[in-house]
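Just so it is clear: chains get the letters A, B, ... in the order the sequence lines come, proteins before strands, and each one is counted from 1. Predicted model only: the values in this text are computed from it and were never measured. Side-chain atoms are counted along with the backbone in the values below, which use heavy atoms only and exclude waters and symmetry mates.
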Protein chains: 2
Amino acid sequence: MASDDAAPDPIDLTLVDVLRAMADPIRLRIVQTLAAGGPHGKCGEHWNFGVHKSTMTHHFRILREAGLTRTTVTGRTHTIELRRAELDARFPGLIDALTVADQRSSVG
Amino acid sequence: MASDDAAPDPIDLTLVDVLRAMADPIRLRIVQTLAAGGPHGKCGEHWNFGVHKSTMTHHFRILREAGLTRTTVTGRTHTIELRRAELDARFPGLIDALTVADQRSSVG
DNA sequence: ACTACCGTTGGATGTTCATCCAACAATCGC
DNA sequence: GCGATTGTTGGATGAACATCCAACGGTAGT
């Protein structure tokens, strides 16, 4: 039961799976935040979406199983991190396009 | 009842909506094909997904309502076209990343 | 006008999914 | 060890979705 429990190699990922994992407001925001600021904890400190705790667990699981993130367990705190390198190698420009689009949506 | 019936300005689009519109095998394939080869008809000539006619109508509608495509009616044939310019302006690098990723998945 | 063709519409259906709640498990501080 | 904290699991629920089928609406050709 390590952290890479159900996390596949990004090589095996299909674009559809990645897209579907990010086709959600909360999960997209998580990915964008991760892409912008490195690893984060899972506690409600940073992620204030107004949803239940278990809902966040659900979303984190989707992201991890889609191969987008990697979770590191340290004591009772979990640290989530974007697999940026693997993702960039598998889907060049995707994460970057998502981040750029985020900046634009903050403006408009 | 023109072609741009429920097609919003890509400016108003959110990344999530675009992502959700493409988070489907058939629709992603449509977008990728459109991005690679310009406008296509809607008839079963090019799109051989093995699904029912009305299912294709459904997918085309999702794409159009998400602002990804534009449909031009010519007689009894409908021509679908990717709004590449607007999409590139709104989400720089997104469509390109999708196309590049498609080439890779053809290899792997 | 009748028929063939292209695509849409409405209804029906089974599945997936996002969400909440309650209960549980593991860890840290005292 | 006890209580507090952090996150997960299982069940339940309502909404969204992909799909099919049958019927319909224009358009083209004869």
Asker: With no hydrogens and no angle check, just 3.5 Å: does a side-chain donor-acceptor pair link B/T14 and B/D17?
Answerer: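 Distance-only check passes for B/T14 and B/D17.
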Asker: Atom CG of B/D17 and atom C1' of D/dC17: how far apart are they, to the nearest Å?
Answerer: 15 Å
Asker: Taking for each residue the nucleotide of DNA chain C with the nearest heavy atom, is it A/R27 or A/T74 whose nucleotide lies nearer the 5' end?
Answerer: A/R27
Asker: If the cut-off is 4.0 Å, is A/H58 near the phosphate of C/dA18, judged by side-chain N/O to OP1 or OP2?
Answerer: yes
Asker: Nearest to the side chain of B/S54 - D/dC20, C/dC21, C/dT19?
Answerer: D/dC20
Asker: D/dT19, D/dC21, C/dT19: which one has an atom nearest the side-chain heavy atoms of A/T55?
Answerer: C/dT19
Asker: Evaluate the criterion salt bridge (Lys or Arg N to Asp or Glu O under 4.0 Å) for residue pair B/R70 and B/E86; output intermediate values, then yes/no.
Answerer: CA-CA 11 Å; B/R70 178 186 295 118; B/E86 292 116 311; 2.9 Å; yes
Asker: Have a look at B/F60 and tell me which of B/I26, B/I30, B/T69 forms a side-chain contact (heavy atoms from CB on, under 4.5 Å) with it.
Answerer: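 Single side-chain contact (heavy atoms from CB on, under 4.5 Å) partner of B/F60 among B/I26, B/I30, B/T69: B/I30.
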Asker: Please determine, for the side chain of B/I26, which listed nucleotide (D/dT19, C/dT9, C/dT19) has the closest atom?
Answerer: D/dT19
Asker: Among A/L34, A/L68, A/D96, find the one that has a side-chain contact (heavy atoms from CB on, under 4.5 Å) with A/R84.
Answerer: A/D96
Asker: Kindly indicate whether the side chain of B/T77 and the base of C/dC5 share any N or O donor-acceptor pair separated by less than 3.5 Å?
Answerer: no
Asker: For a quick test of reading the model: is some side-chain N or O of A/R76 closer than 4.0 Å to OP1 or OP2 of C/dG29?
Answerer: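 It does not, given that no N or O in the side chain of A/R76 lies less than 4.0 Å from OP1 or OP2 of C/dG29.
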Asker: Map A/R20 and A/K53 onto DNA chain C by nearest heavy atom, then report which one ends up closer to the 5' terminus.
Answerer: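 This one resolves to A/R20.
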Asker: Between atom CZ in A/F60 and atom P in C/dA18, what is the gap in whole Å?
Answerer: 14 Å
Asker: It should be established whether A/H59 places a side-chain nitrogen or oxygen under 4.0 Å from OP1 or OP2 of nucleotide C/dT19.
Answerer: yes
